[in-house]
**Q** 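I have a structure here, written as structure tokens, and I will follow up with some questions on it.
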Amino acid sequence: MTEQTPVLRLEGIVKTFPGVRALDGVSLTLLPGEVHALMGENGAGKSTLMKVLGGIYQPDEGQIIVDEQPVVMSGPLEAKAKGIVFIHQELSLATELSVAENIYLGELPRKRFGLVDWAQLEANTNKILKKLNVGFNAKTRVGSLSIANQQMVEIARALTVDAKAVIFDEPTASLTDAEKVVLFEVIADLQSQGVGIAYISHRMEEIFKITDRISVLRDGQYQGTVNAAETDEEGVTQMMIGRKLDLSRNESHHELGEVAIEVRGLSCGNLYHDVSFEVRRGEVVGFYGLVGAGRTEIAETLFGLRNPSAGTILMNGEEVTIQSPADAIARGISLVPEDRKGQGLVLGMNCRDNMTLPQVGDLTAGPFVSDGAEVAIFDQYRDKLDIRTPGWRQTVGNLSGGNQQKIVIGKWLSMHPNVLIVDEPTRGIDVGSKSEIHNLIRELAAQGYAVIVVSSEMPEVLHVSDRIVAMYMGRIIRTFTSEEVTEDNLIQAISGIEGGKVA
Amino acid sequence: MAEKNLDAVGRFLARQGILVAFVLFMVGFSLWNPRFIDIDNVFGVIRSSAILGVMALGVTFVVIGGNLDLSVGSLMSFSAIVVLDLHENPAFGPYLAIPAMFAMTMAIGALIGFLVGYLRLNSLIVTLGMLSAIHGLTLTWSGGQNMDIANQDATWFGVFGRGTALGIPIPVLMFGLLAAVLAILLAKTPFGRKVYAVGGNGTAATFSGIPRARVVFFTYIISSFCVATAGLIQASRTMGAQNTVGQGMELEVLAAVILGGASLLGGSGTVFKTVIGVLILGFIQNGLLLAGLEFYVQFVVTWVIIILAVWLDIATKRGKLWSAIA
Ligand SMILES: Nc1ncnc2c1ncn2[C@@H]1O[C@H](COP(=O)(O)OP(=O)(O)OP(=O)(O)O)[C@@H](O)[C@H]1O
Ligand SMILES: [Mg+2]
């Protein structure tokens, strides 16, 4: 092929926020029909770069060039009109509206007199949904969908226009493996139509599976672009964080202590049935399964957010009823929830106040909150988790997605729980910090914490767990020790294939 | 370097948009009519704003907690009527009338807090309903009559509305003192932090072990305490009251709170900002009076100015006059 005309180019983009130089002269070229990965640590500036491209932020310096014409992107609608579609990292859907209305928001098909053409709308939407192979239809209310399905709605939006370029900002962060396959097909389809695709993700295996070229940002600066075929994980990691990572599987086996929490025959409506397991001090138990397998619901029950319909929970050998999160916290249970924006953070609050929220009642000097004690906790976990923020006063909503997640993790680690439950703990976290968080989980276990890790990422579960509980449709299919488990028998178990069952 | 400083100043001003609007308004009006800034006039405005101000302090908590309180005007009439009636009742007299009135007013506040907090009913509906219900209660109590203290010289009851201490009117002192206490409660205590969390993201607050219902409940208790205080000042100042003395004040109170910069969505605002909001509202109305505008015209102009001020506030925050995303 001869030299192709790029679908778009970015030249010398600079973007600053108060106290942060988020982008420092970044240039990038997107060719038609390529999948171009954008990588970098949390807070490196990936989302900001894409928001500049999508017209959400105006750059302080630099140019956007579409079809060799310099353009000014005054807003998302203009970007869309120029054929640039943006799928956000954080979901931005109207939860009270239907799937169809969300997909065509702002450009609903019209009949005479400006009335919405509902039949047309439904037909168009269902056509797109069919391509995506999802289990809901045009009329479903978005609020009733799981996060993964909401993500699919967001993706469906990209398919409504003749796009020249589609930007995916961590689209797979909350998708299951099956949904990922569908997404990759959609991407391949777009690619074959000559659409240029910018793809942000922290998941190396995906990057090497679907992308052609990889560009790396570090602290807002452009580090270079390489062909995916000519590099490997180590090479990219080196570019991203300037060092190598130890990715070996967990082998450390320390002494296990007493049973910290035990569950016997626990059921909750039709969410999960007859679940029994125990977690000892010093042990990490991974819960693996498809979305909807009931793992999050079990975690929520242990944290006092749901009432079990049958069964018992025992802590330190004694039967307990956990009525409320306050109850759970008092018993030394912490939960890092799966949805950081909805459940984990008060986005309008600053970093420090978010982190100390569950214990603010105890951090007092006389009747007042002790500023000093709070800042001390924040500083400690900022350093431990390498949280990138100009200071504790920064509003959490202004942090990058991965750094927000770290605030949630810090919030619950700082409670020094006996039982730590983490639900998708590394969603949206870069490779460097991810391995740090995994090490941290191991370290906590070594110190005698009982840890439950709910995750949809197989490498993560395999990496951190001493034992793995495989769930399917609300039931425990099998519990593996780290010696027994293989990728194959784990996949079989979570698909409900009984063949993997061993007495 | 200088550029950087300018930048910092700009950012500070952007954050204080409403304060800037206030200063501009004051300077503008004073240039036009020097009497506006006359010390007596300034004190006069503060004094006449005290009742509204005291109520706005309480509503600030409710709004930051993510709810509304439209019943405050009606509840204020209730407390004024009740305290006057009990004052005239030989079985009570002024000493018992005041605590009894506070107890009754706060019991109604507790009922609202229960409905909105524990039963999770929509606060707009609940407090709108309570606005009427309380009005009915007041009329029943008073039999539709205005209340008056018969022998005004024989009682010390007027001290809350008419008295002064150290040359400062008592209503202004009460407003200032209450503002200081509530500012500390909101900004410095765990309870205050929880109010912000519940209003900012109720689900995240629940996931952090914060008892959401209880926090909301207490915001209404605080609001009703402030209303009772306002009712006391009102009754004491005039030594008599109509059944409708607080009518319409709920919107003015809300305007002051929003003008101060609290978001109706909850999770933001401060006591200090509300005080600024109250003063802006007071000075606007005073300015219009000095300008000799008719009473009815004032309504219109007041609201035009409120909307302009809020617009200026938002515009400075986003650095543009209108939103690009239409
Ligand atoms: N609206 C904003 N106000 C202030 N700072 C911001 C804002 N948006 C982003 N930043 C800062 O800019 C930097 C880059 O953020 P960005 O979201 O682009 O990171 P990212 O590379 O997408 O990270 P992640 O992998 O965690 O999503 C971060 O330090 C972030 O705190
Ligand atoms: Mg990002």
Side-chain angles (χ1 to χ4, degrees), chain A residues 16 18-19 55-56 58 73-78 106 300 303-305 324-330 333-350 352-371 374 395-397 408 411-412 415, chain B residues 3-15 64-66 118 181 183-215 261-270 317-320 322-326:
Chain A
T16 55
I56 295 165
Q58 296 306 315
M73 295 288 182
S74 65
L77 284 183
E78 177 160 1
E300 287 176 353
F303 196 62
L305 288 157
S324 66
D327 229 16
I329 292 169
I333 302 176
S334 280
L335 170 67
V336 175
E338 72 174 331
D339 174 9
R340 63 169 167 262
K341 236 177 141 188
Q343 304 166 332
L345 296 166
V346 183
L347 289 175
M349 249 188 187
N350 68 40
R352 181 198 71 178
D353 293 1
N354 262 290
M355 197 180 272
T356 57
L357 196 55
Q359 52 180 324
V360 66
D362 298 323
L363 294 174
T364 47
F368 304 123
V369 180
S370 158
D371 267 0
E374 283 195 291
T395 308
V396 159
V408 185
K411 164 171 162 180
W412 290 108
M415 297 297 289
Chain B
E3 196 181 310
K4 209 167 188 177
N5 281 339
L6 260 183
D7 208 35
V9 170
R11 241 181 293 135
F12 174 78
L13 288 183
R15 247 182 294 136
I64 294 175
Y118 289 92
V181 171
I184 291 171
L185 180 65
L186 187 59
K188 298 286 176 199
T189 67
F191 171 74
R193 186 73 58 78
K194 289 173 188 176
V195 175
Y196 283 105
V198 165
N201 181 350
T203 311
T206 304
F207 271 76
S208 301
I210 293 173
R212 188 171 168 178
R214 196 185 323 160
V215 171
S263 160
L264 271 185
L265 301 175
S268 74
T270 66
K317 267 182 206 145
R318 73 173 162 233
K320 268 198 248 163
W322 42 79
S323 166
I325 304 160

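Letters go in sequence order (proteins before strands), and every chain restarts at 1. Atom set for the values below is all heavy atoms of this structure, side chains included, hydrogens, waters and symmetry mates excluded. Note that the structure is predicted; figures quoted are calculated from it, not measured.
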**Q** Which pairs with one or both residues in residues 190-203 of chain B pass side-chain hydrogen bond (donor to acceptor under 3.5 Å, both in side chains), sequence neighbours excluded?
**A**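 Counting only pairs at least two positions apart or across chains, the side-chain hydrogen bond (donor to acceptor under 3.5 Å, both in side chains) contacts touching residues 190-203 of chain B are A/D353-B/R193, A/E374-B/R193.
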**Q** Could you tell me whether the side chain of B/R212 reaches within less than 4.5 Å of the side chain of B/Y118, counting heavy atoms only?
**A**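 Side-chain contact under 4.5 Å: no.
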**Q** Answer yes if the side chains of A/K411 and B/S208 hold a donor-acceptor pair under 3.5 Å, and no otherwise.
**A**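 Result is yes, a qualifying pair exists.
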**Q** With a 4.5 angstrom heavy-atom cut-off, is it the side chain or the backbone of A/T356 that approaches chain B, or both, or neither?
**A**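 For A/T356, the contact with chain B is made by the side chain alone.
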**Q** Between B/G267, B/P211, B/A197, which residue shows the highest count of heavy-atom pairs closer than 4.5 Å to chain A?
**A**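 If we count pairs closer than 4.5 Å to chain A, B/A197 comes out on top.
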**Q** Can you say whether B/T206 sits under 4.5 Å from chain A via the side chain, the backbone, both, or neither, judging by heavy atoms?
**A**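 For B/T206, backbone and side chain are both near chain A.
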**Q** Side chain from CB out, backbone as N, CA, C, O: work out which of these in A/Q359 comes under 4.5 Å of a heavy atom of chain B, or both, or neither.
**A**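 No part of A/Q359 comes within 4.5 Å of chain B.
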**Q** Side chain, backbone, both or neither: which part of A/T364 has a heavy atom under 4.5 Å from chain B?
**A**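 Side chain of A/T364 only, per the 4.5 Å heavy-atom cut-off to chain B.
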**Q** In terms of heavy-atom proximity below 4.5 Å to chain A, should B/T189 be classed as side chain, backbone, both, or neither?
**A**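 Both the backbone and the side chain of B/T189 come within 4.5 Å of chain A.
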**Q** When the ring centroid of A/W412 is compared with that of A/F303, is the distance short of 6.0 Å?
**A**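 Yes, close enough.
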**Q** Of the backbone (N, CA, C, O) and the side chain (C-beta and beyond), which part of A/L335 lies under 4.5 Å from a heavy atom of chain B, both, or neither?
**A**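 Interface part for A/L335: side chain.
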**Q** Are the side chains of A/V369 and B/K188 in touch, meaning some heavy atoms are under 4.5 Å apart?
**A**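 They are not in contact (no side-chain heavy atoms under 4.5 Å apart), so the answer is no.
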**Q** How close do A/L357 and A/V346 get, counting heavy atoms only, and between which atoms?
**A**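 That would be CD2-CG2, 4.2 Å.
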